[in-house]
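Structure first, then comments.
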Amino acid sequence: MRSVVVLPTYNESENIDTFLRAVRKAAPTTDVLVVDDNSPDGTGRLADALGEELGRVEVLHRAAKDGLGSAYRAGFAMVLDGRYDIVISMDADMSHDPDQLSRFIELVAGGADVVIGSRYVLGGGTTDWPVHRQLLSKWGNVYTRSVLGVDARDCTSGYRAYRATSLAAIDPTSTTADGYAFLTELVRRLTRDGATIVETPIIFRDRTHGKSKMSGRIIVESMLFVTAWGALDRWRRLTGRFSER
Ligand SMILES: Nc1nc2c(ncn2[C@@H]2O[C@H](COP(=O)(O)OP(=O)(O)OP(=O)(O)O)[C@@H](O)[C@H]2O)c(=O)[nH]1
Ligand SMILES: [Mg+2]
């Protein structure tokens, strides 16, 4: 099956070299589409150079920083053109272990519509995260699951593999959220579409290089989206209009 990793980057110059080499080693036939938002630290130029050296790396250069959701919408639009059977999403900061790529690909080949690398199933977890971040992520996910009734324990994990046709079916380019809420929005749409969601355990390692782009604002935005979607779903169930987005 033909597969591609969509990789949003913003100021990941300390990670991009290690990351692309590790992906090439772990999954030699998987392509990579880097979506760089004109990183001031030159990540985009580094990715171009690495692409020339390694092959199978394409770089989408965007004019300015526009958020994770927006970067994925642009990247997905490019790779959902029939070239690929599997579309993978990853962070560039080595939090997601490239050595697990073959497992994600096998699970999609085995019938999953989406495979989520999950911190909240047996065998999964986080290392090096401060306690407040662990609690926020864990309880954010418990809240999301209970409010939206989605079939996943980790809705905010960005390490995923989608069957390309199943991703196209939920029209990811028409999503509106950014940050973590974007990832939740995709799980919500997949659940409503009747997709087979499979979670596989991952150990999420905190980044050792570069700065986090996730802010308090993004976390608050995520919880507000979840609350609004939950209310909307409830209202639609009451009025029998559940089939609408
Ligand atoms: N193109 C693009 N990529 C982004 C943007 N914001 C974040 N990213 C990338 O998205 C991925 C996830 O962002 P991170 O900052 O690592 O978010 P996080 O993993 O929740 O937080 P930390 O690991 O603590 O930094 C990384 O590869 C970032 O470089 C953006 O506005 N545009
Ligand atoms: Mg990260």
Side-chain angles (χ1 to χ4, degrees), residues 6 8-11 35 37 62 64-77 89-93 95-96 114 116-121 124 126 129-160 162 167 169-195 197 199 202 204 206-207 211-245:
V6 177
T9 56
Y10 191 76
N11 285 348
V35 184
D37 281 2
R62 306 204 311 159
K65 180 162 166 46
D66 195 29
L68 186 68
S70 159
Y72 271 125
R73 282 186 279 275
F76 287 163
S89 61
M90 291 178 84
D91 292 354
D93 55 7
S95 290
H96 300 153
V114 59
I116 300 179
S118 179
R119 295 160 292 185
Y120 306 121
V121 294
T126 52
W129 256 14
V131 173
H132 74 273
R133 208 161 162 193
Q134 284 180 44
L135 289 175
L136 204 59
S137 171
K138 178 145 182 54
W139 288 103
N141 270 292
V142 169
Y143 178 70
T144 300
R145 189 173 151 88
S146 72
V147 168
L148 297 183
V150 291
D151 193 16
R153 292 186 180 274
D154 196 342
C155 290
T156 52
S157 166
Y159 197 176
R160 299 179 180 174
Y162 305 87
L167 182 59
I170 58 160
D171 191 12
T173 53
S174 71
T175 52
T176 48
D178 266 309
Y180 298 116
F182 167 75
L183 296 165
T184 305
E185 190 171 16
L186 293 184
V187 176
R188 174 172 176 260
R189 287 191 179 192
L190 287 162
T191 300
R192 297 173 65 159
D193 223 39
I197 300 173
E199 286 184 280
I202 58 160
F204 181 99
D206 197 12
R207 62 163 72 240
K211 276 209 197 76
S212 177
K213 281 110 226 162
M214 292 305 164
S215 59
R217 186 188 64 76
I218 285 174
I219 292 165
V220 170
E221 180 216 62
S222 176
M223 288 302 111
L224 289 176
F225 261 109
V226 168
T227 306
W229 285 327
L232 193 66
D233 287 350
R234 225 150 261 170
W235 179 75
R236 281 176 177 163
R237 261 196 300 275
L238 285 173
T239 57
R241 300 172 69 180
F242 192 66
S243 60
E244 291 168 27
R245 285 223 201 279

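Being a predicted model, the structure only gives us computed values, none of them experimental.
Taking the charged nitrogens against the carboxylate oxygens, R207 and D91 have no contact shorter than 4.0 Å, which rules out a salt bridge. Salt bridge present: R73 and D178 bring a charged side-chain N and a carboxylate O closer than 4.0 Å.
At distances below 3.5 Å, at least one donor-acceptor pair connects side-chain atoms of D37 with backbone N or O atoms of D66. Remark: the backbone N or O of G158 is paired with a side-chain donor or acceptor of S89 at under 3.5 angstrom. When atom types are taken as modelled, the side chain of D193 and the backbone of A195 share no donor-acceptor pair closer than 3.5 angstrom. In this structure a side-chain-to-backbone donor-acceptor pair under 3.5 Å is missing from E221 to G179. In this structure, T227 contributes its side chain and M223 its backbone to a donor-acceptor pair below 3.5 Å. Judged by distance alone, the side chain of R189 and the main-chain N or O of D171 form a donor-acceptor pair under 3.5 Å. For R62 (side chain) and S70 (main-chain N/O), a donor-acceptor pair under 3.5 Å exists by modelled atom type. A distance-only check finds no donor-acceptor pair linking the side chain of Q134 to the backbone of T126 [under 3.5 Å]. Remark: the backbone N or O of T176 is paired with a side-chain donor or acceptor of E185 at under 3.5 angstrom.
Residue R192 comes nearest to D233 through the heavy atom pair NH1-OD1, 3.1 Å, listed as atom of the first residue, atom of the second, then distance. Taking both residues in full, the closest heavy atoms of A92 and T9 are given as CB-CG2, 3.7 Å, listed atom of the first, atom of the second, then distance. Heavy atoms only, all atoms of each residue included: G230 and V147 are closest at CA-CG1, 3.6 Å.
Residue-environment remark: NZ (K138) stays at or below the threshold of 12 foreign heavy atoms within 6.0 Å.
The structure places OH of Y120 at 11.0 Å from SG of C155, a figure rounded to the nearest 0.5 Å. Here CG of N141 is found 5.0 Å from CG of D154. Values are rounded to the nearest 0.5 Å.
A donor atom on one side chain and an acceptor atom on the other are not found under 3.5 Å apart for S137 and Y180.
Using cut-offs of 30° and 60° for the angle between ring planes, the Y72 and F182 rings count as parallel. By the 30° and 60° cut-offs, the orientation of the rings of H96 relative to Y159 is parallel.
When each of L167, I197, L186 is tested with R160 by the rule side-chain contact (heavy atoms from CB on, under 4.5 Å), just one qualifies, namely L186.
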